[in-house]
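In listed order, ligands and their atoms are each counted from 1. What you see is a predicted model; the values in this text were computed from it and never measured.
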Amino acid sequence: MINVIGLGYIGLPTALMLGARGNNVVGTDINADRIKTLKKGMVPFEEKGIKDLFEEARENNIEFTTEYIETDLYIITVPTPYDRDTKKIDPSYIQQSVKTALGKALDEAIIVVESTVSPGTIDKYILPIVEKAEEKQGKTFHLVHAPERILPGNMVHELQYNSRTVGCYDQAVGEKVKEVYETFCESEIIITDIRTAEMSKVVENTYRDINIAFANELAQIAHFDNLNVHEIIRIANKHPRVNILNPGPGVGGHCISVDPWFLVGDYPEITGLIKQARKINDSMPSFVLKRISEVMEEKNIDATRVGLYGLTYKANVDDIRESPTLQLLEQQRLHLAPELKVYDPEVNNFEITKNQYEDFDAFLENVDLVVVMVAHDHIKENQELLKNKVVIDTQNIIENHDENNYKLFGL
Ligand code: SAJ
């Protein structure tokens with residue numbers, strides 16, 4: 001029996017996938033409302049393919065509860081919050097779940113931590129808890145770190161086809177965990193030590209942050225010199241060894257904008273590049289704000305007639321954590337400015353910002369300048385509705401603007 005602890009964006013798809021592939025799974029979450037929703041067979045968030053996966057897992061009798069169960073395999077997928085000022089992670093959720101699991105665990109049980117942690121966390125904050133429990137209970141427990149590696153928006157597919165890393169202290173334990181992951185993972189599963197597993201996970205997200213920062217810096221350079229950054233990138237990417245990413249209004253989500261700080265925090269003297277990349281990406285919402293004020297001035301538009309399209313941190317998801325739009329609104333608040341109007345078709349909570357619209361038509365009626373912050377399919381499919389608007393397209397998705405007479409500005 002596998003007990004998956006923490007049924008959020010990562011834990012729920014993981015539990016469902018394990019269940020769907022014939023494992024006995026119990027999913028545990030401290031949030032009683034979430035458990036109630038799951039017991040009714042409802043998925044608490046949108047994700048491609050998750051409903052079908054849920055059905056398959058239910059056919060295999062997956063269970064949900066607020067309790068930890070007595071078993072020999074726990075998979076911990078609780079969040080790792082971080083302090084916004086010190087950038088240090090707060091391992092307390094992981095510590096608490098490991099402690100509770102150890103209170104129930106059978107002798108020789110394996111505890112797999114999937115949550116992303118800053119390198120060194122397992123040795124420093126989790127291992128001592130396990131050793132203490134072993135001593136107290138006279139049992140043996142095993143710790144494994146198998147960082148999750150799935151892209152929100154494509155989780156079900158990536159769970160199955162992405163390669164995985166299993167970090168362990170003991171090769172035989174790693175092999176056992178690998179066998180479990182092999183029930184659903186069709187790609188390579190690499191066994192390594194715990195510190196290498198921790199570091200490689202953080203490095204993956206840092207790599208992406210640095211590459212996005214390069215694209216964003218190019219956008220700022222191109223704007224300074226009145227050049228089209230997208231055309232420059234399109235041409236440069238024809239080179240066989242060049243693959244520049246897309247500039248945008250910033251980097252959001254709970255991964256790429258967070259993990260690089262772990263390295264900066266731990267190695268402050270030797271992470272100049274990583275820190276600079278973070279700074280560039282964090283500067284993008286302010287850059288967009290500056291672009292808005294330039295265009296308002298040029299087109300003689302009042303701030304009350306400016307609307308931001310998109311609140312989520314990326315296209316076609318409903319997750320708003322650390323989103324560039326929220327960062328931009330935060331900048332506005334710091335300057336004591338009234339918040340701009342906002343609309344997002346993916347977001348069902350209408351209390352996120354003050355001037356948030358539920359209805360796209362009403363939003364359009366009330367704005368003259370639309371700033372496309374997120375490349376949702378919805379706006380790609382409805383772009384003719386922007387015809388009589390001035391548009392700042394931070395995502396480079398509005399097409400044929402000349403024919404349709406858009407007054408279009410880029411980043
Ligand atoms: N972005 C750009 N330009 C680009 C690509 C992305 O501005 O060319 C922005 C997005 O709009 C978004 C942010 O970057 O705001 C991050 O989006 P993303 O889709 O690149 O990644 P995440 O944060 O959703 O998920 C990442 C993934 N990591 C990598 O691709 C290395 C995922 O595989 C990880 O599992 C996840 O972080 C995690 O949990 O760590």
Side-chain angles (χ1 to χ4, degrees), residues 6 8-14 45 47-48 77-82 89 113-118 145-165 185 187 197-220 229-230 233-234 237 243-263 277-278 280-285 287-288 309-328 344 346 372-376 393-397 411:
Y9 284 109
I10 302 298
L12 183 60
T14 304
F45 51 83
E47 184 60 47
K48 196 167 48 191
T77 46
V78 295
T80 29
Y82 81 109
I89 69 153
V113 176
E114 280 210 14
S115 316
T116 307
V117 293
S118 80
H145 179 48
E148 57 85 7
R149 201 190 235 170
I150 47 179
L151 190 78
N154 199 28
M155 287 184 168
V156 176
H157 176 89
E158 293 207 351
L159 259 176
Q160 212 172 329
Y161 297 106
N162 282 1
S163 158
R164 294 292 297 246
T165 317
C185 173
S187 196
E198 290 175 316
M199 187 57 105
S200 49
K201 165 70 196 194
V202 171
V203 161
E204 288 164 17
N205 282 341
T206 304
Y207 169 86
R208 198 149 165 86
D209 199 41
I210 290 173
N211 282 280
I212 297 169
F214 179 60
N216 282 338
E217 187 159 274
L218 286 182
Q220 300 200 21
V229 67
H230 304 291
I233 292 176
R234 192 175 74 84
N237 280 351
N243 185 15
I244 304 171
L245 294 178
N246 300 316
V251 171
H254 197 60
C255 314
I256 296 181
S257 64
V258 177
D259 295 3
W261 285 121
F262 299 161
L263 296 177
R278 270 288 68 240
I280 291 165
N281 288 335
D282 272 354
S283 76
M284 290 311 285
F287 180 70
V288 176
Y309 175 91
L311 256 174
T312 61
Y313 83 91
K314 66 177 186 178
N316 306 323
V317 298
D318 59 4
D319 189 342
I320 59 164
R321 288 179 299 176
E322 327 281 339
S323 86
T325 304
L326 291 181
Q327 294 177 40
L328 189 151
D344 192 312
E346 298 283 340
V372 178
M373 296 290 285
V374 186
H376 290 314
D393 179 10
T394 70
Q395 296 285 355
N396 195 32
I397 50 163
L411 263 178

Which donor-acceptor pairs under 3.5 Å do the side chains of residues 147-158 make with protein atoms, sequence neighbours left out?
unit_1: E148; atom_1: OE1; unit_2: I150; atom_2: N; d: 3.2
unit_1: E148; atom_1: OE2; unit_2: K201; atom_2: NZ; d: 3.4
unit_1: R149; atom_1: NE; unit_2: E204; atom_2: OE1; d: 3.2
unit_1: R149; atom_1: NE; unit_2: E204; atom_2: OE2; d: 3.1
unit_1: R149; atom_1: NH1; unit_2: S163; atom_2: O; d: 2.7
unit_1: R149; atom_1: NH2; unit_2: E204; atom_2: OE2; d: 2.5
unit_1: E158; atom_1: OE1; unit_2: L151; atom_2: N; d: 3.0
unit_1: E158; atom_1: OE1; unit_2: N162; atom_2: ND2; d: 3.0

Query - Residues that F287 engages under ring-ring contact (aromatic ring centres under 6.0 Å, His included), provided they are two or more places apart - result: H223

Report task. Report the C-alpha separation of V288 and M373 in whole Å, then their side-chain angles, then the decisive distance to 0.1 Å, and conclude whether the side-chain contact (heavy atoms from CB on, under 4.5 Å) test is met. Result -> CA-CA 9 Å; V288 176; M373 296 290 285; 4.1 Å; yes

Query raised in the report: With a 3.5 Å cut-off and no angle check, do the side chains of D319 and H254 form a donor-acceptor pair?
Result: no

Report summary line: Under 4.0 Å from ligand 1, residues with heavy atoms, in chain and number order, are E148, R149, I150, L151, P152, K201, E204, N205, R208, I212, L245, N246, G250, V251, G252, C255, I256, Y313, K314

Query - Contacts of type ring-ring contact (aromatic ring centres under 6.0 Å, His included), residue F214, not counting sequence neighbours - result: none

Query raised in the report: Can you check whether S257's main-chain N or O pairs, donor with acceptor, with N281's side chain at less than 3.5 Å?
Result: no

